[in-house]
Amino acid sequence: GRNDTLLFGGFSAGSRGAMVHLDSVPAMLGDAAARVDVLGVLDSPLWLDQVPLGGAVSRAEVVQAAEQSWSLEGVFGEGCVHAYPAARWKCLLGQYR
């Protein structure tokens, strides 16, 4: 028969969290993943890696520090980690996903 569909998403900061975890959702479903199509619905997850105005801390610096502080092993999808093996922090920014 047809697979069920799981819409996984969020708004603003929630959508950024959903974006980061979206690739790992099928593993969270275990055996049920074979019967479920997972789709992301992301509303406003965009943070840009750009030079800030007036000497402020850049978003890139913020997510680099976060990636070093948080336990994110296994969270990023293999495609993103493969694309940025030396800069996994980029997997936290939508423009690199």
Are L39 and L42 in one and the same hydrophobic cluster, where Ile, Leu, Val, Met, Phe, Trp and Tyr link if side-chain heavy atoms are under 4.5 Å apart?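 Different clusters.
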Test of understanding: clusters of I, L, V, M, F, W, Y form through side-chain heavy atoms closer than 4.5 Å, transitively. Do V81 and W70 belong to the same one? yes
Intermediate values then yes/no, side-chain contact (heavy atoms from CB on, under 4.5 Å), D37 and D4: CA-CA 6 Å; D37 296 321; D4 289 324; over 6 Å; no
With sequence neighbours left out, write down each residue that passes side-chain hydrogen bond (donor to acceptor under 3.5 Å, both in side chains) with S24, or none if nothing qualifies.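 Partners of S24 by the side-chain hydrogen bond (donor to acceptor under 3.5 Å, both in side chains) criterion come out as none, since no residue qualifies.
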Minimum heavy-atom distance [X]-[Y], with the two atoms named:
X	Y	answer
P52	S58	CD-CB, 3.7 Å
D43	S15	O-OG, 3.0 Å
P85	H82	CD-O, 3.3 Å

Side-chain donor-acceptor pairs of residues 90-97 under 3.5 Å, sequence neighbours excluded:
from: Q95; atom 1: OE1; to: D49; atom 2: N; distance (Å): 2.5
from: Y96; atom 1: OH; to: D49; atom 2: OD2; distance (Å): 2.5
from: R97; atom 1: NH1; to: C91; atom 2: O; distance (Å): 3.1
from: R97; atom 1: NH2; to: M19; atom 2: O; distance (Å): 3.3
from: R97; atom 1: NH2; to: D23; atom 2: OD2; distance (Å): 2.9

With rounding to the nearest 0.5 Å, note down the distance linking OH in Y84 to CH2 in W89. 9.5 Å
Is there a side-chain contact (heavy atoms from CB on, under 4.5 Å) between V75 and H21 once you walk through the steps? CA-CA 6 Å; V75 172; H21 291 282; 3.5 Å; yes
Assess the residue pair V25 and L6 against the criterion (side-chain contact (heavy atoms from CB on, under 4.5 Å)); give the C-alpha distance rounded to whole Å, side-chain angles, the decisive distance to 0.1 Å, and a yes or no. CA-CA 10 Å; V25 170; L6 171 65; 3.8 Å; yes
Would you indicate whether the side-chain heavy atoms of V41 and F8 approach each other to under 4.5 Å? no
Does some side-chain heavy atom of V36 sit less than 4.5 Å from a side-chain heavy atom of N3?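 No, every pair of side-chain atoms sits at 4.5 Å or beyond.
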Name the atoms and distances for all side-chain donor-acceptor pairs under 3.5 Å in residues 62-69, with sequence neighbours left out.
from: Q64; atom 1: NE2; to: A60; atom 2: O; distance (Å): 3.4
from: E67; atom 1: OE2; to: R88; atom 2: NE; distance (Å): 3.2
from: E67; atom 1: OE2; to: R88; atom 2: NH2; distance (Å): 2.9
from: S69; atom 1: OG; to: A65; atom 2: O; distance (Å): 3.0

